[in-house]
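Notes follow once the structure below has been shown.
Values in this document were obtained by computation on a predicted structure and should not be read as measured data. Every number for a ligand or one of its atoms is a count from 1 in the order of the listing. Quick note: numbers below take in every heavy atom, side chains included, and nothing from hydrogens, waters or symmetry partners.
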Amino acid sequence: MSQAASQSFVASRLAAFGTTIFTEMTLLAQKHGAVNLAQGFPDFDGPEFVKDAAVRAIAAGESQYARMFGIPALNRAIADAWSRRTGESIDPDTQVTVTSGCTEAIAAALLGLINPGDEVVLFEPYYDSYRACVEMAGGVARFVTLVPAGDPDAGFAFDPEQLRRAFTPRTRALLLNSPHNPTGKVFTRPELAMIAELCVRRGAIAITDEVYERLTFELARPHISLGTLPGMAERTVTLSSLGKTFSLTGWKVGWAVATPALSKAVRAAHQFLTFATCTPMQHAAAAAIMHGEEYVQQLVEQYRSSRDFLSGVLRGIGFKVYPCEGTYFIMADHAAFGMGDDVSFCRRLTAEVGVAAIPPSVFYDNPDNGRRLARFAFCKRRETLEKAAERLANLRG
Ligand code: GLN
């Protein structure tokens, strides 16, 4: 191979991140014919009425650039849904920005708000794009660790002292994901109050990734938006998307809700990242949000039952299983099987047992914190989960 063919062309700010673990594990699952409980995407289709709305929009010629910050019908649908949920009304044209998935919204928020050298507080394990986007923006990530309790039923929690120490005079923003991928944790009101108090006192902006907002399973753990806490409306950028709520993860329609001033910063980056989001899909997204309540409620019932099924299977085999209060992921401790760290466990599970899972150590600043864990996705048909259960039974003993 010539030198040019073997050299890496990846810019230094991205070289450390390699290929995402989701791509890597899905390719490995395909290679071994494994049941893919790694990358989080449904193996069933989204609602027919939403697909019909997309087809109708294409047939009607809705195919030129959309308004930079979203088509009026979708901005309105998002604003209406926001006020139904929070009781606060917002202006669809100055406070809602439609993006190409929440991943783009995260990039736009960080690139639009973070100056070089600014610090951003992240809870780890974190969704991998957060850290990469902080670095692309020239920011510096500071970490607060969600630690699994000794008693697995108690789930994951952070040390308030570590959170306080993560804030410094250089802190520009905190990025919160609740319901939380990959732990399945839904942050409680007292936890959110602690976070809000620090943001207000230290003058930090909060960016919240709430893509699993509708996928919560416990009455006692409802999803609460950080932006609805006292003093937070003027400093919070709330992000969400269509994909998880409507089982349409490939459609890539997301949004940011924030004050006009914060929205202006998000748009400053969004207009140069994608300019606008796919027009016909925005029409379909508006239909989903306006008429999708029945679908969402049925989906939550299905996922609650899938969660209970897969948790039971994993526990029965000998995993220590952490509670999933929201999202469609289960975190489990695999140490009882003596198959090495999370990376080797997940590789062997995929190749030898035929079930793929995500090794979470890549989501930590210190990978050692994730070595005992594996993340399983349950956003799959029951027959898929049953096939995984049959194969996982081979792990026992
Ligand atoms: N959010 C999904 C997950 O956590 C998939 C993300 C991706 O493939 N980039 O599995």
Mind checking whether Phe49 and His291 have parallel, tilted or perpendicular rings, split at 30° and 60°?
->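 Taking His291 first and then Phe49, their aromatic rings stand perpendicular (interplane angle over 60°).
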
Per-atom contacts, ligand 1 versus Gln39 - under 4.0 Å to a heavy atom |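 Selected atoms, number and element: 7 (C), 8 (O), 10 (O).
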
So, does Thr86 use its side chain to make a donor-acceptor pair with the main chain of Glu88 at under 3.5 Å?
->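 Yes; at least one donor-acceptor contact below 3.5 Å.
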
Hey, is Thr20 one of the residues with a heavy atom under 4.0 angstrom from ligand 1?
->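 The answer is no: ligand 1 sits nowhere under 4.0 Å from a heavy atom of Thr20.
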
Report yes or no: does a heavy atom of Phe329 sit under 4.0 Å from some atom of ligand 1?
->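 Contact present.
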
Glu104 side chain to Thr274 side chain, donor-acceptor N/O pair below 3.5 angstrom | yes

State whether the shortest distance between N or O atoms of Phe22 and N or O atoms of ligand 1 falls below 3.5 angstrom.
-> no

Do Phe376 and Phe319 have their ring centres less than 6.0 Å from each other?
-> yes

Location of contacts on Asn181 toward ligand 1, heavy atoms closer than 4.0 Å = side chain

Region of Met25 engaging ligand 1 - heavy atom pairs below 4.0 Å | neither

Salt-bridge test for Glu293 and Arg214: reply yes if a basic N is under 4.0 Å from a carboxylate O, no otherwise.
->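 The answer is yes: the pair qualifies as a salt bridge.
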
Residue pairs, two or more places apart or on separate chains, that pass salt bridge (charged side-chain N to carboxylate O under 4.0 Å, His left out) and touch residues 14-40 | Glu24-Arg347

Could you tell me the residue and atom name of the protein heavy atom closest to atom 2 (C) of ligand 1, and the distance to it rounded to 0.1 Å?
-> Gly40 O, 3.8 Å

Selection from Tyr127, Tyr328, Tyr212 by shortest heavy-atom distance to atom 9 (N) of ligand 1 |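 That would be Tyr127.
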
